[in-house]
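Just below is one structure, and these are the notes that go with it.
For clarity, every value in this text was computed on a predicted model and none was experimentally measured. Throughout, protein chains are lettered first and strands after them, A, B, ... in sequence-line order, and every chain is numbered starting at 1.
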Amino acid sequence: MARILITSAIPYINGIKHLGNLVGSQLPADLYARYCRARGHEVMFICATDEHGTPAELAAAKAGMPVEHYCAEMHAVQSNLAAGFRLSFDHFGRSSSGRNHRLTQHFARALGENGFIEEVAERQFFSVADNRFLPDRYIEGTCPNCGYERARGDQCENCTKQLDPTDLINPRSAISGSTDLEVRETRHLYLKQKSLKGEIAAWIDSKTDWPILTTSIARKWLNDGEGLQDRGITRDLSWGVPVQFPGAPWTGMEGKVFYVWFDAPIEYIAATAEWADDSEQPDAAWERWWRTDKGAHDVRYVQFMGKDNVPFHTLSFPATIMGSREPWKLVDYIKSFNYLNYDGGQFSTSQGRGVFMDQALSILPADYWRWWLLSHAPENADSEFTWENFQVSVNKDLADVLGNFVSRITKFCRSKYGEEVPAGGQTGERAAALITELEGRLRAYEAHMEAMEVRKAATELRAIWVAGNEYLQSAAPWTVFKEDPERAAAMVRLGLNLIRLYAIVSEPFIPDASAKMLRAMRCDDRSWPGAVAEALSALKPGHGFETPDLLFAKIADEEREDWQKRFAGIRT
RNA sequence: GGCUAGGUAGCUCAGCUGGUUAGAGCACAUGACUCAUAAUCAUGGGGUCGGCGGUUCAAGUCCGCCCCUAGCCA
């Protein structure tokens, strides 16, 4: 038994996430967490909402409520959706928590004491009407290069030229449209990542087992151009973690907060502390996951994220931890994902294109989505969601192969022997061959799950389901029954036990169906199958069961066409 | 323009450090079966592995150039 700490990249508070976001971190993280628990490991699975920053403030203003209320409300929404998808977080925290405030300040202070923070004076636009400094992309104006009138302060979308906000002609606030802007000097804290570059590079080099997608992105940022740069960790905003320290205020930083990218990953740690607080446990309970001097030396820490998040997790967050010179747990393995595209284009939160988590659950149960998304996870390359593919996969894999297997064996048993595991008879060579095959496939499945090879694991699982149908087809208990009901009984007994086996090994992918199968078999023994022959004799003769309802309903062509139409447009 | 990844059967994808007639699922065709959600199982057709050149006894797998796609960056 090992101890495994798992974190999923934390979704931004602003709005409901789409299926591409889901499959890029939370869902595969959940798959892995469920698998590790099923194998008897001690698991801590953490996620949270990323709540600070200008977009949250603006979204709150648009919704006409204080930002704290907006975030609380959206956290509840995201939390419910996570539960709807059966994401089994031990804690779904909030980066705005008191715990994160204290930890973020703690890290900043430690970094400062170790000489990894410096103050830099910058000139930035201040909007008098909005009474706030404006981040570059919230300033609009005319592009000096091409004359485009709605160029943003960081870049002109028309001619793609990189800009400095002070380059813009007739700059105005993107928030209020006000042109009453002043350039003011403001001081900010920078994290001196350059000083830590050698340490980080050596650490990345030591990770020879990481996916290429992960290390190539890290190396690119480390070495391209002028290499890893120092980065500002503060902003002139009111919503965030104040740049202040209990008992030792940071002069000159009054009214400023930490930049989201700095406090967000620290929330992984803080959320674990929130978990301890919620369950009224002492600090030692969460520290044994995060402090190598307090019990975390034997923890394996795995992070899941989309490729856009890799730089923060391979460089910035490690810089924060290394620079603290404190014994915090660094990540051991990063599993990163490419993008999921939608019907010939990209999923887009800003344009509302694609299927969003709430919409998905409103048309089909979680297991359908979990199965499709995980068995098509964008591991090696970007992959694509199409309704046709979704329909075919769900109908074939879930309804025809697995669902129908459960249906055919339970109904056959009910009609010939009643709703209990029949006694008598012996299985033959076909059963022995099945057991041999399952033995091999199950071990392969375990290997893929341990390596977090999601698609390969799904393929193997499906083959395990298919093996049951192959066996029934060749053993043909319905024919044998006519001459030798005892021998047929042994086949049926094996088939019923396969349902239990399938329920257990399929649980990480399709937890609801798994629970339904176990309930139908009136079984609460979920122990992972070691030797297959033994696992397939768990349900003894005389053990009662219930013939379950449809495990998976098929998606009809009309439904698919209807959904295709409904989600083609733009979500408002 | 640079970087990264990728271009393999109609579709979605496997193919590790080069080595027998290039694989899987779906789709398609044929057959078997009738317990089952008209489900299942078997068999089969189908690919000059983006293009050109090179290294090698041998290349989808290595090298060079070119074309195309996606993402990131300038």
Side-chain angles (χ1 to χ4, degrees), chain A residues 20 24 154-155 159-163 211-227 229 306-311 336-341 344-346 372 375-417 430 434 441 444 447-448 451 453-463 465-482 488-489 491-492 495-496 499 513 547-556:
Chain A
D154 53 347
Q155 183 178 33
C159 68
T160 74
K161 187 178 168 59
Q162 298 283 312
L163 300 172
I212 295 169
L213 180 65
T214 305
T215 50
S216 70
I217 292 174
R219 290 213 171 83
K220 181 172 118 61
W221 281 66
L222 222 34
N223 302 321
D224 267 24
E226 293 170 22
Q229 294 298 300
K307 60 183 170 185
D308 51 326
N309 255 317
V310 169
S336 53
F337 289 84
N338 286 289
Y339 292 138
L340 180 68
N341 290 321
Q346 294 188 342
W372 190 89
S375 61
H376 294 78
E379 288 179 295
N380 300 322
D382 291 356
S383 65
E384 176 152 325
F385 175 91
T386 64
W387 287 100
E388 289 82 358
N389 189 308
F390 177 66
Q391 178 193 23
V392 166
S393 293
V394 162
N395 288 356
K396 192 72 193 172
D397 299 348
L398 296 181
D400 294 347
V401 174
L402 177 61
N404 181 52
F405 174 80
V406 172
S407 176
R408 69 194 295 202
I409 190 68
T410 50
K411 285 181 182 166
F412 180 72
C413 183
R414 180 173 64 181
S415 74
K416 305 299 183 195
Y417 304 96
R430 288 203 172 87
L434 169 71
R441 291 202 179 280
H448 289 139
E453 296 265 22
V454 178
R455 295 174 85 126
K456 287 181 181 171
T459 301
E460 203 60 52
L461 180 59
R462 194 195 122 96
W465 298 339
V466 166
N469 281 315
E470 277 173 27
Y471 170 73
L472 282 189
Q473 203 62 34
S474 61
W478 47 89
T479 305
V480 173
F481 180 81
K482 292 168 189 164
M491 296 170 178
V492 170
L496 292 169
I499 295 177
T547 303
D549 305 335
L550 268 197
L551 210 51
F552 295 101
K554 290 202 201 195
I555 297 169

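- Rounded to the nearest Å, the gap between the P atom of rA22(B) and that of rA59(B) is 13 Å.
- For D400(A), whose side chain is taken as the heavy atoms from C-beta onward, the closest listed nucleotide among rU37(B), rC35(B), rA27(B) is rU37(B).
- Taking only side-chain atoms of S407(A), from C-beta outward, the nucleotide of rU34(B), rA27(B), rA36(B) with the closest atom is rA36(B).
- The C1' atoms of rU21(B) and rG47(B) are separated by 14 Å, rounded to the nearest whole Å.
- Among the protein residues, V492(A) comes within range of no part of the nucleic acid, since none of its heavy atoms lies under 4.0 Å from any strand.
- A donor atom on one side chain and an acceptor atom on the other are not found under 3.5 Å apart for Q473(A) and R430(A).
- Side chain of S393(A) to main chain of N389(A): a donor-acceptor pair is present (N/O by atom type, distance under 3.5 Å, no hydrogens or angles).
- Counting only heavy atoms from C-beta on, N469(A) has its side chain closest to rC41(B) among rU37(B), rU12(B), rC41(B).
- In plain terms, the two heavy atoms of V480(A) and A488(A) that are nearest each other are CG1-N, 3.8 Å.
- Close to rG15(B), at under 4.0 Å from its OP1 or OP2, lies a side-chain N or O of K456(A).
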Pairs under 3.5 Å (N/O, protein and nucleotides 28-31 of chain B):
none

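- If you take NZ of K554(A) and P of rU37(B), they are 11 Å apart, rounded to a whole angstrom.
- Distance from the side chain of E470(A) is smallest for rA42(B) among the nucleotides rA42(B), rA39(B), rC13(B).
- rG10(B) and rG46(B) have their P atoms separated by 12 Å, with the value rounded to a whole Å.
- Using a 4.0 Å heavy-atom cutoff across all strands shown, F481(A) reaches no nucleic acid atom at all.
- Between the CE atom of M491(A) and the P atom of rA36(B) there is a distance of 17 Å, rounded to whole Å.
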Query - Check against side-chain contact (heavy atoms from CB on, under 4.5 Å), W465(A) and F405(A) - result: CA-CA 8 Å; W465(A) 298 339; F405(A) 174 80; over 6 Å; no

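- Of the listed nucleotides (rA32(B), rA14(B), rU37(B)), rU37(B) has the atom at the smallest distance from the side chain of L550(A).
- Between the side chain of Q391(A) and the main chain of I555(A), a donor-acceptor pair closer than 3.5 Å is present.
- Distances shorter than 4.0 Å separate some side-chain N or O of R462(A) from OP1 or OP2 on rC26(B).
- In the set rU37(B), rC33(B), rC26(B), rC33(B) carries the atom at the smallest distance from any side-chain atom of Q473(A).
- Taking atom CZ of residue F385(A) and atom C1' of nucleotide rC13(B), one finds them 17 Å apart after rounding to whole Å.
- The K482(A) side chain lies nearest to rU34(B) when the options are rC26(B), rA39(B), rU34(B).
- In this structure, the CZ atom of F337(A) is 19 Å from the P atom of rC72(B), given to the nearest Å.
- Side-chain atoms of N404(A) do not come within 3.5 Å of backbone N or O of A399(A) as any donor-acceptor pair.
- Lacking a ring centre under 5.5 Å from that of the base six-membered ring together with a plane angle below 30°, F412(A) does not count as stacked on rC35(B).
- Using a 4.0 Å heavy-atom criterion, one finds that L551(A) contacts the bases of the nucleic acid, with or without backbone contacts as well.
- Between the side chain of N404(A) and the base of rA36(B), a donor-acceptor pair under 3.5 Å is found.
- Minimum atom distance to the side chain of V466(A) is reached by rC41(B), of the listed rC41(B), rU37(B), rU34(B).
- Between the CZ atom of F337(A) and the CG atom of N309(A) there is a distance of 13.0 Å, given to the nearest 0.5 Å.
- Look at K411(A) and you won't find any side-chain N or O under 4.0 angstrom from OP1 or OP2 of rA39(B).
- Using P as the reference atom, rU48(B) and rU43(B) are 25 Å apart when rounded to the nearest Å.
- In this structure, the side chain of D397(A) does not engage the main chain of R462(A) through any donor-acceptor pair within 3.5 Å.
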